[in-house]
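Written below as structure tokens is the structure these notes are about.
Note that the structure is predicted; figures quoted are calculated from it, not measured.
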Number of protein chains: 2
Amino acid sequence: MDAASIQTVRAFNRLVGERIGALNDEFLGRRRPMGESRVLWEVGPDGVEVRTLRVRLGLDSGYMTRVLQSLQKHRLIKLEPDREDRRVRFVRLTRLGRAERQELDRRSDAVAWSFLEPLSPQQRTRLVSEMTELERLLGASLVTIAVEKPTTPDARWCIQQYFAELNARFEGGFDSARSISADSSELVAPAGALLIARLRGRPVGCGALKFHHRAPAELKRMWVVPGARGLGLGRRLLLELERLARRNGAGAVRLETNRALKEAVALYRSAGYREVKAFNDEPYAHHWFAKRLATSPPVPPPSRGIRRGR
Amino acid sequence: MDAASIQTVRAFNRLVGERIGALNDEFLGRRRPMGESRVLWEVGPDGVEVRTLRVRLGLDSGYMTRVLQSLQKHRLIKLEPDREDRRVRFVRLTRLGRAERQELDRRSDAVAWSFLEPLSPQQRTRLVSEMTELERLLGASLVTIAVEKPTTPDARWCIQQYFAELNARFEGGFDSARSISADSSELVAPAGALLIARLRGRPVGCGALKFHHRAPAELKRMWVVPGARGLGLGRRLLLELERLARRNGAGAVRLETNRALKEAVALYRSAGYREVKAFNDEPYAHHWFAKRLATSPPVPPPSRGIRRGR
DNA sequence: ACGATTCTCTGACTAGAGTCAGAGAATTGG
DNA sequence: CCAATTCTCTGACTCTAGTCAGAGAATCGT
């Protein structure tokens, strides 16, 4: 990459880092410590488990406890034991807390407005479209992919979204009961595995494998959240799944898919999958693909440049 | 402005603020406290006076002293009394300090690279071009406009640039001696005023007024640095000048300009200036404009964006 | 010349944002 | 059922990034 690009990125980092940091501190952190504001915000209107909060904000449990205690002392939140698991605590906003959160909301709006306000209408439109795209591009490098149990709420959410999308896109809809199964018990070791992709803690995609002794692993449940498409995340998931299959002794991967899922079909083809004859009787499938896995990892092909109109 | 735009800007602020903040801390702040790194960086290869450093970084003098002492203890800087004014101290990097600064430079590059690295070549190009544009657009809201004496170095620089541009653009060049004057003594109260626009400390434009008792104020020296054009800065300067004229009792503003300055002519027209007959004998002018000022401000005064003290 | 101002330095203090090592309760896995 | 693990809480620390008041030296303005 050329030096000029690096310099551009550096200049941008400096300007934007300073500007946003300063504004956030000034507007959002005035009334109370930033840590408390962040927590207050993250609790959200419906409440949340403390452990979730901790993971999302990446805070130490001791620190978190104290932040919550302080918020509670100010009557902004209520802490109650979780119904299902009495080790965990559930945080809820009080009426006062909701008001305070709304205030934070207004301030966030004001910060955003301070970016837009000095610009002409055309420039505003421009700014917004560029931020949208940049956010996508920057987000791409923050995605993490990890094995996760299919029973976690996030995993369930991904699978649900996946089913909902199939149902919307397949002609005649989709009913998971009629499809070949890949339920929770089949997607944990040693029978299989589920990968969840996350962007800043939030699930943005998934992909699963079912292992078969001395037979190709089966690829299932490939899905990427609509807002994160076009960033090569599908390909990253696919590569990660292949690595996992290889580590679990599979010499090949195979999968079936529906013709409505055009991007997926294109992805499989470009990732080296060859169309093969139907190897199962999945009623929703139109295409069956297979790929032999190299013993040593193959060089990743260049990611496709996805164009979007602005 | 619609809510969706505000939401986009907010989402962007959140992602970018966190991402850049985190990376900067991680990469640049590892070896020593961020404050020290910032100072080390700001000293630069040629050294600098402590007071300049303090103003630039906006630090308390006591704090600054301690930061410098710590850097000195680590043999990264040398402190010596200033030659001309023995109250002030002059900071210089030692050999070790220069090496450390280079290291910071490398890390900054690495941070920038970490943005580019996960992207495809097309996406990289896209990222860079969007950052460039976004930096311009965000910069616009950081511009501050204030009255300044025409004798300051920055004011002089602006006027010089203005003359140089006229000389380049007018057919047959421009010689300020042949033009109607508006020199330093005429551009300070009560005879007149000079406005300087600044972006993060650097001058990016100017505009001046000459007041005449019971007669229209004269607009002079409107200029915007080429890199900041197209951001509506000219219009902001113009509005600011009109406010100033009104505050000084002028009921109207008038000005003359050269046909080579097409953007300026367009700006005056679109800001409500009507072309009038020549009211003076400026040899370089082709157009004379005038605008009556409303008694109550017709447009809400442009805000200066929100500033923070670093 | 001399009072006001500027610049640096010192000491004393604060708040925010954590980290770390346990301890005690509840739940899970085998 | 029991051991391991998970989750929250407490107490005791740390580090960074300041702020504030005042003192002493040098310089400036008149």
Side-chain angles (χ1 to χ4, degrees), chain A residues 18 21-22 24-26 28-40 42-43 48-74 77-92 148-149 151-153 184-185 188-190, chain B residues 18 21-22 24-26 28-40 42-43 48-74 77-91 308-310:
Chain A
E18 275 180 27
N24 282 350
D25 290 356
E26 183 168 353
L28 308 179
R30 263 291 154 76
R31 287 164 169 268
R32 63 190 73 263
M34 266 306 282
E36 292 185 16
S37 290
R38 286 211 300 154
V39 169
L40 192 63
E42 203 66 34
V43 169
V48 72
E49 293 175 352
V50 169
R51 63 176 166 190
T52 314
L53 215 48
R54 261 200 3 252
V55 172
R56 280 228 275 266
L57 294 168
L59 301 180
D60 171 87
S61 60
Y63 183 38
M64 178 59 100
T65 298
R66 264 175 288 263
V67 168
L68 291 175
Q69 281 167 344
S70 166
L71 287 171
Q72 197 174 26
K73 208 171 62 193
H74 293 95
I77 58 167
K78 277 195 303 261
L79 284 166
E80 52 199 54
D82 192 276
R83 292 245 172 82
E84 292 167 9
D85 183 341
R86 292 210 309 291
R87 288 170 305 182
V88 327
R89 302 255 267 159
F90 198 87
V91 203
R92 233 178 251 293
E148 192 165 315
K149 280 185 294 186
T151 49
T152 66
S184 296
S185 63
V188 290
Chain B
E18 279 178 26
N24 281 349
D25 290 357
E26 182 168 352
L28 308 179
R30 263 290 156 75
R31 286 163 170 267
R32 63 190 73 261
M34 266 307 280
E36 292 183 17
S37 292
R38 285 212 299 154
V39 169
L40 192 63
E42 203 66 34
V43 168
V48 71
E49 292 176 354
V50 169
R51 63 176 167 189
T52 313
L53 214 48
R54 261 201 2 252
V55 172
R56 281 227 277 264
L57 294 168
L59 300 180
D60 172 87
S61 60
Y63 183 37
M64 178 57 100
T65 298
R66 265 176 286 264
V67 168
L68 291 175
Q69 281 167 346
S70 165
L71 287 171
Q72 197 176 26
K73 207 171 64 194
H74 292 95
I77 58 166
K78 276 195 304 259
L79 284 165
E80 51 198 54
D82 192 276
R83 292 244 174 83
E84 292 167 9
D85 183 341
R86 292 209 311 287
R87 288 170 305 182
V88 326
R89 302 256 266 160
F90 197 87
V91 202
R308 71 154 168 156
R310 257 200 274 183

What is the separation between atom [atom1] on [X] and atom [atom2] on [N], rounded to the nearest whole Å?
| X | N | atom1 | atom2 | answer |
| --- | --- | --- | --- | --- |
| Glu49(B) | dA26(D) | CD | P | 17 Å |
| Arg51(B) | dC7(C) | CZ | P | 5 Å |
| Phe90(A) | dT8(D) | CZ | P | 12 Å |
| Leu79(A) | dT10(D) | CG | P | 11 Å |
| Leu71(B) | dA17(D) | CG | P | 12 Å |
| Arg89(A) | dG24(C) | CZ | P | 18 Å |
| Leu57(B) | dA17(D) | CG | C1' | 13 Å |

#### Entry: Residue among Met34(B), Met64(B), Arg32(B) satisfying side chain to side chain contact (heavy atoms under 4.5 Å, CB included) with Val39(B)
Met64(B)
### Task
Working to the nearest 0.5 Å, report the span between CD of Gln69(B) and CG of Leu79(B).
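If we round to the nearest 0.5 Å, Gln69(B):CD and Leu79(B):CG are 8.5 Å apart.
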### Query
Once you round to the nearest 0.5 Å, how far does CZ of Arg89(A) lie from CZ of Arg51(A)?
14.0 Å
### Query
So do Ser70(A) and Lys73(A) actually touch side chain to side chain, heavy atoms under 4.5 Å?
no
### Message
Taking the side chain as everything from C-beta on, heavy atoms only, tell me whether Ile77(B) gets closer than 4.5 Å to Leu68(B).
### Response
yes
### Message
Working note: Val67(B) + Arg38(B), criterion side-chain contact (heavy atoms from CB on, under 4.5 Å); need CA distance, chi angles, decisive distance, verdict.
### Response
CA-CA 10 Å; Val67(B) 168; Arg38(B) 285 212 299 154; over 6 Å; no
### Query
Which nucleotides of nucleotides 15-23 of chain C have their base under 4.0 Å from a protein heavy atom (B), which only their sugar-phosphate (S), and which neither (-), written as one string 5' to 3'?
--SBBB---
#### Entry: Test side chain to side chain donor-acceptor pair (under 3.5 Å) applied to Thr151(A) - qualifying residues, sequence neighbours left out
none
### Query
Any side-chain N or O of Arg54(A) less than 4.0 Å from the OP1 or OP2 oxygen of dT8(D)?
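Arg54(A) to dT8(D) OP1/OP2: side-chain N or O found under 4.0 Å.
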### Message
So if I take residues 80-88 of chain B and measure heavy-atom distances to DNA chain C, which residues fall below 4.0 Å?
### Response
Arg87(B), Val88(B)
### Message
Donor-acceptor check, side chain of Thr65(B) to backbone of Ser61(B), threshold 3.5 angstrom: yes or no?
### Response
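Answer holds: yes.
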### Query
Given axes from five pairs at either end, by how many degrees does the helix from dA1(C)-dT30(D) to dG30(C)-dC1(D) bend, rounded to 10°?
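Roughly 30° between the end axes, to the nearest 10°.
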### Query
Looking for any heavy atom pair under 4.0 Å, which part of the strands does Val67(A) touch: base, sugar-phosphate only, or nothing?
nothing
### Summary
Between Asp82(A) and Phe90(A) the two heavy atoms that sit nearest each other are OD2-CD1, 3.7 Å
### Heavy-atom closest pair, residues Ser37(A) and Leu28(A)
OG-O, 3.4 Å
### Task
Mind jotting down which residue pairs meet the salt bridge (charged side-chain N to carboxylate O under 4.0 Å, His left out) criterion with at least one end in residues 53-67 of chain A? Sequence neighbours excluded, please.
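Pairs touching residues 53-67 of chain A that pass the test: Glu42(A)-Arg56(A).
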Could you go through nucleotides 1-4 of chain C and list every protein N or O atom that sits under 3.5 Å from one of its N or O atoms, giving the distance for each pair?
none

### Task
Check the pair Arg92(A) / Glu80(A) against salt bridge (Lys or Arg N to Asp or Glu O under 4.0 Å), numbers first and verdict last.
CA-CA 8 Å; Arg92(A) 233 178 251 293; Glu80(A) 52 199 54; 3.1 Å; yes
